[in-house]
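Order of the sequence lines sets the chain letters (A, B, ...), proteins ahead of strands, with each chain counted from 1.
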2 protein chains.
Amino acid sequence: MRIGELAERTGASVRSLRYYEEQGLLTSERSTSGQRHYPEEAVDRVALLRRLYGAGLTSRVITELLPCTYAPSIESSDDAFERMLTERAKLNAHIDELRTTLRALDEVISMNRRWRAENATDSATAS
Amino acid sequence: MRIGELAERTGASVRSLRYYEEQGLLTSERSTSGQRHYPEEAVDRVALLRRLYGAGLTSRVITELLPCTYAPSIESSDDAFERMLTERAKLNAHIDELRTTLRALDEVISMNRRWRAENATDSATAS
DNA sequence: CTTGCCTCTGACGTCAATGTGAGGTTTTAG
DNA sequence: CTAAAACCTCACATTGACGTCAGAGGCAAG
């Protein structure tokens, strides 16, 4: 498929797809005229990329993690494997952080809820 | 306390603290000479701000959410309350997304682990 | 062949949070 | 009193993942 279709099917913009390729995260075959063509799997690939981006991973980090899923090699594997575990741990920690934030937000919300209850005897009564 | 101490105690840079103030997220008393002075609570305040920033909320959104915790008013409250619930929901959804990403990453990791197991008969054997 | 849509490369624009530096004042330590 | 350290206000620079525009070519349909 061509880039437009891939964009439509993944929800990524055409610009983004070219950017991913530029970052070495996505490959494409080129037609003689230079147009990019992608296989079906590219859809999943892009989905994974978007997930990782969404998780706050940067292009550079993803670049260091994912090459091995395409062309595993002993050399790349050792480093990448370590990085993966590191990134997994970081992501896990981040999720915990977010849960803490969620609790903090809940607290703010319930503070506000209490305040509203106290002052809601009649909204027109407010100065 | 002055801005330097607040920075040190919160882990935020002096620049960031001034930025938070500029965004209306943090207030300070000024000495006659114009220097900022903060009360103890500012530490918690900044901690909360950093949490929300860390959760991906933007200044604008935080601005819309938090004023009511300082100076609650009927008018601000209604809107802000809605936004809070919305943001809470978004954060929750984001956490779910991240958990999915974590699973995806786990999958990549275990793929890699299997690959390593297969090809680890002897690392020197590799071409 | 031409009209219309898709694609190409390349380069500059954007946005948000923060870094950084200039140029000047204030506070603190000796 | 004086020098260092901290602070002040601009204001421009940076980074990352894109948006967007320009100028040019590719490709199916009428």
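Comparing B/Leu57 and A/Tyr38 by the nucleotide of DNA chain C whose heavy atom lies nearest to each, the residue mapping closer to the 5' end is A/Tyr38.
Using a 4.0 Å heavy-atom distance criterion, A/Arg30 is classed as a sugar-phosphate-only contact.
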Run the side chain to side chain contact (heavy atoms under 4.5 Å, CB included) check on A/Leu49 and A/Leu66 step by step: do they pass?
CA-CA 9 Å; A/Leu49 291 180; A/Leu66 290 194; 3.9 Å; yes

Applying side chain to side chain contact (heavy atoms under 4.5 Å, CB included) to A/Gln23 and A/Tyr19, what does each step give before you reach the verdict?
CA-CA 6 Å; A/Gln23 300 298 309; A/Tyr19 177 74; 3.4 Å; yes

Side chain to side chain contact (heavy atoms under 4.5 Å, CB included) for B/Val14 and B/Arg18? Distances and angles first, verdict last.
CA-CA 6 Å; B/Val14 169; B/Arg18 290 201 269 248; 3.5 Å; yes

Chi angles and distances behind the side chain to side chain contact (heavy atoms under 4.5 Å, CB included) call for A/Leu52, A/Glu87:
CA-CA 10 Å; A/Leu52 296 178; A/Glu87 291 303 324; over 6 Å; no

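Computed from coordinates, the B/His37 NE2 to D/dC8 P distance equals 8 Å when rounded to whole Å. One interatomic measurement links the two molecules: CD1 of B/Ile3 to P of C/dT18, which rounds to 13 Å at whole-angstrom precision. Atom-to-atom, CD of A/Glu21 to C1' of C/dT7 comes out at 13 Å; the value is rounded to the nearest Å. Whole-Å rounding puts the A/Leu17 CG to C/dT7 P distance at 10 Å. C/dA16 atom C1' lies 19 Å from atom CZ of B/Arg18, rounded to whole Å. The separation between A/Leu52 atom CG and D/dA17 atom P is 12 Å, rounded to whole Å. Computed from coordinates, the A/Tyr20 OH to D/dA17 P distance equals 9 Å when rounded to whole Å. With rounding to whole Å, A/Glu22 atom CD is found 10 Å from C/dT9 atom P.
Listed by chain and number, the residues in a side-chain hydrogen bond (donor to acceptor under 3.5 Å, both in side chains) with B/Thr32 amount to none (sequence neighbours excluded). A/Ser110 is linked by a side chain to side chain contact (heavy atoms under 4.5 Å, CB included) to A/Arg114, counting only residues two or more places apart in sequence or in another chain. Listed by chain and number, the residues in a ring-ring contact (aromatic ring centres under 6.0 Å, His included) with B/Tyr53 are B/Tyr20 (sequence neighbours excluded). Scored by the side-chain hydrogen bond (donor to acceptor under 3.5 Å, both in side chains) test, A/Arg30 finds A/Glu21 as partners (sequence neighbours excluded). Legend: residues meeting side-chain hydrogen bond (donor to acceptor under 3.5 Å, both in side chains) with A/Thr58, ordered by chain and number and at least two apart, are absent. By the salt bridge (Lys or Arg N to Asp or Glu O under 4.0 Å) test, B/Arg83 is found to be paired with B/Glu64, residues two or more places apart in sequence or in another chain being considered.
Side-chain atoms of B/Arg113 never come within 3.5 Å of backbone atoms of A/Phe81 as a donor-acceptor pair (strictly under, hydrogens ignored).
Distance CG/A/Leu65 to CG/A/Leu25: 10.0 Å, rounded to 0.5 Å.
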Show each protein N/O and nucleotides 13-16 of chain D N/O combination with a separation under 3.5 Å, one pair to a line.
none

Nucleotide by nucleotide, nucleotides 23-30 of chain C touches protein heavy atoms under 4.0 Å in the pattern (B base, S sugar-phosphate only, - none) ---SS---

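Helical stems in DNA chain C, defined as runs of 3 or more consecutive Watson-Crick or G-U wobble pairs with both donor-acceptor distances under 3.5 Å, are listed by first residue as C:1-30 with D:1-30.
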Expected list for residues 95-109 of chain A: side-chain donor-acceptor pairs under 3.5 angstrom, two or more places apart:
unit_1, atom_1, unit_2, atom_2, d
A/Asp96, OD1, A/Arg99, NH2, 3.3
A/Glu97, OE1, B/Arg51, NH1, 3.0
A/Thr100, OG1, A/Asp96, O, 3.1
A/Thr101, OG1, A/Glu97, O, 3.0
A/Asp106, OD1, B/Arg88, NH1, 2.7
A/Asp106, OD2, B/Arg88, NH1, 2.7

Show every donor-acceptor pair shorter than 3.5 Å between a side-chain atom in residues 4-11 of chain B and any protein atom, with sequence neighbours excluded, or say none if there are none.
unit_1, atom_1, unit_2, atom_2, d
B/Arg9, NH1, B/Glu40, OE2, 3.1
B/Arg9, NH2, B/Glu40, OE1, 3.0
B/Thr10, OG1, B/Leu6, O, 2.7
B/Thr10, OG1, B/Ala7, O, 3.4
B/Thr10, OG1, B/Ala12, N, 3.3

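Contacts between residues 93-105 of chain A and DNA chain C, counted as heavy-atom distances below 4.0 Å, involve no residue at all.
Checking the phosphate oxygens (OP1, OP2) of C/dA16, no side-chain nitrogen or oxygen of B/Arg60 falls inside 4.0 Å.
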